[in-house]
Number of protein chains: 2
Amino acid sequence: MSNNCHGDMIKELIHRYERAHFTVERKLYALLRDLMPAELTVDQFNMIRFLQFNGRSTPSELAEVFGVGKSSITAIISRLSDKGFIRRLSEESDRRIVILTLTEEGKRLCESIDARVEAMLADIMNHFEEEEAERFISTFEKLADVMAGTAGLGSNEGKE
Amino acid sequence: MSNNCHGDMIKELIHRYERAHFTVERKLYALLRDLMPAELTVDQFNMIRFLQFNGRSTPSELAEVFGVGKSSITAIISRLSDKGFIRRLSEESDRRIVILTLTEEGKRLCESIDARVEAMLADIMNHFEEEEAERFISTFEKLADVMAGTAGLGSNEGKE
DNA sequence: ACTACTTAGTTCTACTGTCTAACTATTCGA
DNA sequence: TCGAATAGTTAGACAGTAGAACTAAGTAGT
């Protein structure tokens with residue numbers, strides 16, 4: 001077993017990753033939560049945000065992207081629709097499909113929170129040299145690709 | 001404004017970070033969820049895991065570490081205690097304090113899930129050169145330190 | 001054209017995690 | 001000893017989640 005030390009090395013790296021991940025995620029979530037206005041949760045903001053980038057979407061697509069069941073999406077969308085941030089429209093060509101878009105108020109709200117979120121992230125990022133940040137994010141993107149590729153393991157396929 | 005391009009650079013990095021973060025977190029959570037046995041949620045596993053590393057803890061410490069209110073901890077601990085994974089004991093020297101430890105069954109369960117989680121993470125990590133992984137994790141740890149330091153902004157202090 | 005299957009989305013029910021406020025029990029301090 | 005502080009729990013509310021049953025709409029086979 002000449003690769004014993006290699007295995008231990010991996011184990012060590014995993015352990016370090018887990019610790020850092022735990023801290024970063026908890027803290028980031030807490031910071032985000034503090035930036036939310038009273039009428040919005042972090043999850044609701046993420047949904048609105050996706051719609052702002054995407055322009056429009058459907059419940060099925062959101063369920064796929066967010067990795068949750070469609071009934072969860074219905075619940076979130078209904079709350080956001082009640083608050084007047086999201087509009088539901090039927091697709092002309094296939095009336096089963098629901099088209100989701102932001103209302104003007106939704107767009108405004110999203111932009112104003114977005115600005116604060118970016119400022120917060122910029123604050124954090126300023127603790128790093130540009131080169132280190134660039135390298136970190138590049139690896140992070142590679143990780144995202146790997147994870148997206150490992151999709152098969154996600155096994156949310158064919159649900160509902 | 002000679003640093004306009006610098007600001008844009010930061011903005012670009014932030015945007016890339018946000019996209020990668022979103023993908024990685026959603027996927028990681030989905031993978032984790034799939035590793036959980038029927039009787040445990042991901043959050044419950046995280047709590048058990050912390051106790052395994054820490055040996056023992058108290059509701060107050062858990063609330064601090066996990067960044068939530070003490071009543072949330074009571075709820076989670078009660079469920080885990082009902083299932084026989086966690087034991088509640090009163091501290092001799094100050095009977096207000098509750099000491100939390102894992103039962104033997106809790107330890108066993110944690111170890112078996114842990115093995116699977118590590119295998120899953122090792123799988124992902126094998127997509128990277130050791131040097132890149134090492135550098136990534138180092139920056140990640142630095143980020144964790146920065147976030148922990150930014151604690152003041154977390155504003156969960158003095159809650160309850 | 002009629003029937004059966006599929007797909008998109010919603011509704012209903014149940015559970016977990018969360019917060020806040022009110023409460024109990026214990027300790028500390030003046 | 002009495003009042004304040006501390007540790008934890010309880011109760012009530014709500015968001016997010018899953019799963020099963022449901023509606024509405026489109027698709028295919030015959």
Side-chain angles (χ1 to χ4, degrees), chain A residues 25-26 29-30 32-34 36-48 56-83 85-100 155-160, chain B residues 25-26 29-30 32-34 36-48 56-83 85-100 155-160:
Chain A
E25 286 311 308
R26 287 284 157 183
Y29 189 80
L32 263 185
R33 199 172 44 196
D34 290 341
M36 292 303 121
E39 68 264 37
L40 225 53
T41 67
V42 176
D43 285 300
Q44 288 168 357
F45 170 62
N46 280 330
M47 199 121 306
I48 283 186
R56 55 177 16 222
S57 191
T58 64
S60 290
E61 187 186 17
L62 291 178
E64 164 70 22
V65 170
F66 284 81
V68 300
K70 285 191 286 190
S71 59
S72 307
I73 299 296
T74 299
I76 298 184
I77 294 300
S78 295
R79 285 177 206 119
L80 289 172
S81 168
D82 289 348
K83 288 175 189 161
F85 300 138
I86 281 186
R87 204 182 288 112
R88 279 180 165 115
L89 293 172
S90 283
E91 170 73 274
E92 281 299 306
S93 64
D94 182 344
R95 298 207 322 271
R96 287 171 304 180
I97 297 176
V98 169
I99 303 290
L100 302 167
S155 76
N156 268 348
E157 267 58 50
K159 191 161 60 179
E160 286 200 359
Chain B
E25 287 311 308
R26 288 285 157 184
Y29 189 81
L32 263 185
R33 199 173 44 197
D34 290 342
M36 293 303 122
E39 68 265 38
L40 225 53
T41 68
V42 176
D43 285 300
Q44 287 168 357
F45 170 62
N46 280 330
M47 198 120 309
I48 283 186
R56 55 177 16 220
S57 191
T58 64
S60 291
E61 186 186 19
L62 291 177
E64 164 71 21
V65 170
F66 284 82
V68 301
K70 285 190 286 190
S71 58
S72 306
I73 300 296
T74 299
I76 297 184
I77 294 299
S78 295
R79 285 177 204 119
L80 288 173
S81 168
D82 288 349
K83 288 175 189 160
F85 300 138
I86 281 185
R87 203 182 289 111
R88 279 181 165 115
L89 293 173
S90 284
E91 170 72 276
E92 282 298 307
S93 64
D94 181 345
R95 297 206 326 270
R96 288 171 303 180
I97 297 177
V98 169
I99 303 291
L100 303 167
S155 78
N156 267 350
E157 267 58 50
K159 193 161 60 180
E160 287 201 356

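Reminder, nothing fancy here: chain letters follow the sequence lines and each chain counts from 1. Values reported hereafter were calculated over all heavy atoms of this structure, with side chains retained and with hydrogens, waters and symmetry mates removed.
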Taking every non-hydrogen atom, the tightest pair across A:Thr58 and A:Ile99: CG2-CD1, 4.4 Å
Nearest heavy-atom contact between B:Gly67 and A:Arg33 is O-NH2, 3.6 Å
Please list, for nucleotides 27-30 of chain C, all pairs of protein and nucleotide N/O atoms separated by less than 3.5 Å.
from: C:dT27; atom 1: OP1; to: B:Arg95; atom 2: N; distance (Å): 2.9

Would you kindly give the [atom1]-to-[atom2] distance between [X] and [N], to the nearest whole Å?
X	N	atom1	atom2	answer
A:Met36	D:dA15	CE	P	16 Å
B:Asn46	C:dT18	CG	P	10 Å
A:Ile73	C:dT11	CD1	P	15 Å
A:Asp34	C:dT18	CG	C1'	15 Å
B:Ile99	D:dT9	CD1	C1'	17 Å
A:Leu80	C:dT10	CG	P	13 Å
A:Glu39	D:dA15	CD	P	13 Å
A:Ile77	D:dA15	CD1	P	14 Å

So which nucleotide from D:dT9, C:dC12, C:dC19 ends up closest to the side chain of A:Arg33?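 Selected nucleotide: C:dC19.
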In terms of side-chain heavy atoms of B:Lys70, which of C:dC12, D:dG8, C:dT20 is nearest?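 Taking heavy atoms from C-beta onward, the closest nucleotide is D:dG8.
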Given the structure, check if the side chain of B:Ser78 and the base of D:dT9 hold any donor-acceptor pair shorter than 3.5 Å. no
Every protein N/O within reach of nucleotides 14-17 of chain C N/O, cut-off under 3.5 Å:
from: C:dG17; atom 1: OP1; to: B:Thr41; atom 2: OG1; distance (Å): 2.5
from: C:dG17; atom 1: OP2; to: B:Gln44; atom 2: NE2; distance (Å): 3.2
from: C:dG17; atom 1: OP2; to: B:Arg79; atom 2: NH1; distance (Å): 2.9

At what distance, to the nearest 0.5 angstrom, does [atom1] of [X] lie from [atom2] of [Y]?
X	Y	atom1	atom2	answer
B:Glu39	B:Phe85	CD	CZ	5.0 Å
A:Ser78	A:Ile73	OG	CD1	11.0 Å
A:Thr74	A:Arg79	OG1	CZ	10.5 Å
B:Met47	B:Leu40	CE	CG	11.0 Å
B:Thr41	B:Asn46	OG1	CG	8.5 Å
A:Asp43	A:Met36	CG	CE	10.0 Å

So which protein nitrogen or oxygen atoms get under 3.5 Å of nucleotides 2-4 of chain C's nitrogens or oxygens?
none

Among all residues two or more places apart in sequence or in another chain, which pass the side chain to side chain contact (heavy atoms under 4.5 Å, CB included) test with A:Glu25?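 Result, side chain to side chain contact (heavy atoms under 4.5 Å, CB included) vs A:Glu25: A:His21, B:His21, B:Glu25.
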Counting any heavy atom closer than 4.0 Å, what does B:Thr58 reach on the DNA or RNA strands: base, sugar-phosphate only, or nothing? sugar-phosphate
Under 4.0 Å, heavy atoms only, any strand: does A:Ser60 hit a base, just the sugar-phosphate, or nothing?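 The answer is sugar-phosphate, as A:Ser60 gets under 4.0 Å only of primed atoms, P, OP1 or OP2.
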Is any side-chain heavy atom of B:Arg88 closer than 4.5 Å to one of B:Leu100? yes
Quick check: do B:Leu62 and B:Ile77 have side-chain heavy atoms less than 4.5 Å from each other? yes
Should we say atom CZ of B:Arg56 is surrounded by more than 12 heavy atoms from elsewhere, each under 6.0 Å from it? no
Please report the end-to-end axis angle for the helix from C:dA1-D:dT30 to C:dA30-D:dT1, five pairs per end, rounded to 10 degrees. 10°
Could you list the residues that satisfy salt bridge (Lys or Arg N to Asp or Glu O under 4.0 Å) with B:Arg96, not counting sequence neighbours?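 If we apply the salt bridge (Lys or Arg N to Asp or Glu O under 4.0 Å) test to B:Arg96, skipping adjacent residues, the hits are B:Asp94.
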